[in-house]
Novice: 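Would you mind keeping the following structure in view while I ask a few things?
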2 protein chains.
Amino acid sequence: MILEKKRLFDAYAAKQGLRSTRQRDVILDIFLSTHEHLSVEELYLKVKASHPGIGQATVYRTLKLFVDAGLAREMTLPGGQTRYEHQLAGEHHDHLICTRCNRIVEFEDATIERLQHEIAQRHGFRLTGHKMQLCGICPACSAAEIQ
Amino acid sequence: MILEKKRLFDAYAAKQGLRSTRQRDVILDIFLSTHEHLSVEELYLKVKASHPGIGQATVYRTLKLFVDAGLAREMTLPGGQTRYEHQLAGEHHDHLICTRCNRIVEFEDATIERLQHEIAQRHGFRLTGHKMQLCGICPACSAAEIQ
DNA sequence: CAAACAAATGAAAATCATTTTCAGGACCGC
DNA sequence: GCGGTCCTGAAAATGATTTTCATTTGTTTG
């Protein structure tokens, strides 16, 4: 699966005439080795830990490439911070976000998915993407609150 | 309806022990006189037009009060810009956003609404809010594209 | 009604995330 | 290897928002 993503990026790079650089390889490896919804800063820190020479402008630039290449997805949380997560081809999931502890839980719902397309169609929109964020209090924080 | 919102804000102000100031009255009036999804900058310009003395820090501060008071809602668009819209008690609507021209169309869907609550419940979340943004190309931009 | 204190304001500075600039360094085709 | 171009890192620039702080303005009390 990691290999598949690397191939996806290589294909994109080839199509766009991008050069292959050590930095991009490193950032891709580290990005693929995570399973979280990373902020740029977080990824930058991980990268810097093993490769101190890499600057954060490069991390910013590279993450945008990943989005264009189709292997990452950008999400803007309430509060304005941007996070990146793996994009698995054809899979659409949405997020439950705990407003206390910022924990993010992913979910998928085919019915909502279908309704979204119907709504877009009804308004004449050609749908290219969507974001749904349900905000609330997670079980752990609910429990902690009672104490 | 405008009066009702003013009362809502007055109630909130009273509860919080906020003082009543000319600036807040002006900003509330102008905010209520619009029907758009305003950015802070846009509201600030409207305010400044009739009341040049009011600074943008005050507009920022006041909009946050409106959100807390429950009469406005904050939305973060992809790209990071924040917009504020009227929040009508009990009404939940979501947005179709044209990624070409940034036009925003509102919609409501009771079925999705219900499914969202089911999903939250299934994960043990106590739902406090949600944002759903469907991104795509609006009919006008689609048409323009063909030219 | 005046005094007194706290809250609110405006302007400017500070902050934060992100983008751009630019000079040097690294890839790739030849 | 050579040369042009793309890529990179560091720092500066940007843009939105927040904070600071001196001043003004409500409110409360005597």
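When reading the values below, keep in mind they use all heavy atoms of this one structure, side chains included, and skip hydrogens, waters and symmetry mates. Each chain gets a letter, A, B and so on, in the order the sequences are listed, and its residues count up from 1.
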Novice: Spell out protein contact along nucleotides 18-27 of chain D as letters: B when the base is contacted, S when just the sugar-phosphate is, - when no protein heavy atom is under 4.0 Å; keep the 5' to 3' order.
Specialist: BBB----BBS
Novice: For the pair made of OH in A:Tyr44 and P in D:dA10, what is the distance, rounded to whole Å?
Specialist: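 From A:Tyr44 OH to D:dA10 P: 7 Å.
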Novice: So A:Gly17, base contact, sugar-phosphate only, or nothing? Heavy-atom distance under 4.0 Å.
Specialist: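 If one applies the 4.0 Å heavy-atom cut-off, A:Gly17 turns out to touch nothing in the nucleic acid.
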Novice: How long is the span from the CD1 atom in A:Ile97 to the CG atom in A:Leu134, to the nearest 0.5 Å?
Specialist: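 Reported value, rounded in 0.5 Å steps: 8.5 Å.
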Novice: Can you list every side-chain hydrogen bond (donor to acceptor under 3.5 Å, both in side chains) pair that touches residues 9-37 of chain A, not counting sequence neighbours?
Specialist: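 Every side-chain hydrogen bond (donor to acceptor under 3.5 Å, both in side chains) pair that includes a residue of residues 9-37 of chain A, provided the two are not neighbours, is A:Lys6-A:Asp29, A:His37-A:Glu85, A:His37-A:His95, A:His37-A:Glu106.
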Novice: Quantify the bending of the helix from C:dC1-D:dG30 to C:dC30-D:dG1 as the angle between its end axes, each fitted on five pairs, to 10°.
Specialist: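 Its terminal axes enclose an angle near 30°.
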Novice: Could you pull out all residues at least two apart from A:Glu42 that satisfy side-chain contact (heavy atoms from CB on, under 4.5 Å)?
Specialist: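 With sequence neighbours excluded, A:Glu42 shows a side-chain contact (heavy atoms from CB on, under 4.5 Å) to A:Leu38, A:Ser39, A:Arg83, given in chain and number order.
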Novice: Can you give me every donor-acceptor pair (side chain of residues 45-56 of chain A, partner residue at least two apart or in another chain, under 3.5 Å) with its distance?
Specialist:
none

Novice: Quick one: list whatever passes ring pair (Phe, Tyr, Trp, His ring centres under 6.0 Å) with B:Phe9, sequence neighbours left out.
Specialist: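 Listed in chain order: B:Phe66.
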Novice: Report the hydrophobic cluster partners of A:Leu3, with the cluster defined as I, L, V, M, F, W, Y residues connected by side-chain heavy atoms closer than 4.5 angstrom, directly or transitively.
Specialist: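 In the cluster with A:Leu3 there is nothing else; it is isolated.
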Novice: Holding to side-chain contact (heavy atoms from CB on, under 4.5 Å), I want the full list of residues that pass it with A:Glu113, two or more places apart in sequence or in another chain.
Specialist: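 A:Glu113 satisfies side-chain contact (heavy atoms from CB on, under 4.5 Å) with A:His92, A:Asp94, A:Gln116, A:His130 only.
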Novice: According to side-chain contact (heavy atoms from CB on, under 4.5 Å), who are the partners of B:Arg61, at least two apart in sequence or on a separate chain?
Specialist: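 Partners of B:Arg61 under the side-chain contact (heavy atoms from CB on, under 4.5 Å) test: B:Ala57, B:Thr58.
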Novice: In whole Å, I'd like the distance from the CE atom of A:Met75 to the C1' atom of C:dA17.
Specialist: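 These atoms are roughly 17 Å apart.
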Novice: Whole angstroms only, please: what is the NE2-P distance between A:His51 and D:dG9?
Specialist: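 Taking atom P of D:dG9 as the reference, NE2 of A:His51 is at 11 Å.
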Novice: A:Arg24 has an atom CZ; how far is it from atom C1' of C:dA26, in whole Å?
Specialist: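 Answer to the nearest Å: 12 Å.
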Novice: Check the distance between C:dC27's P and A:Asp10's CG and give it to me in whole angstrom.
Specialist: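 Those two atoms, CG and P, are 15 Å apart.
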Novice: Kindly write out the residues that satisfy side-chain contact (heavy atoms from CB on, under 4.5 Å) with B:Cys135, not counting sequence neighbours, or none if the list is empty.
Specialist: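 Residues passing side-chain contact (heavy atoms from CB on, under 4.5 Å) with B:Cys135: A:Thr128, B:Pro78, B:Thr99.
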Novice: Keeping to residues at least two apart or across chains, list the side-chain hydrogen bond (donor to acceptor under 3.5 Å, both in side chains) pairs with something in residues 62-71 of chain A.
Specialist: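 Output for this query is empty, none listed.
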Novice: Could you tell me which non-hydrogen atom of B:Phe107 sits nearest to which non-hydrogen atom of A:Ile119, and how far apart they are?
Specialist: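 Distance-wise, the nearest heavy atoms are CE1-CD1, 3.5 Å.
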Novice: Tell me which residues in residues 32-43 of chain B put a heavy atom below 4.0 Å from DNA chain C, sorted by number, or none.
Specialist: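 The answer is none.
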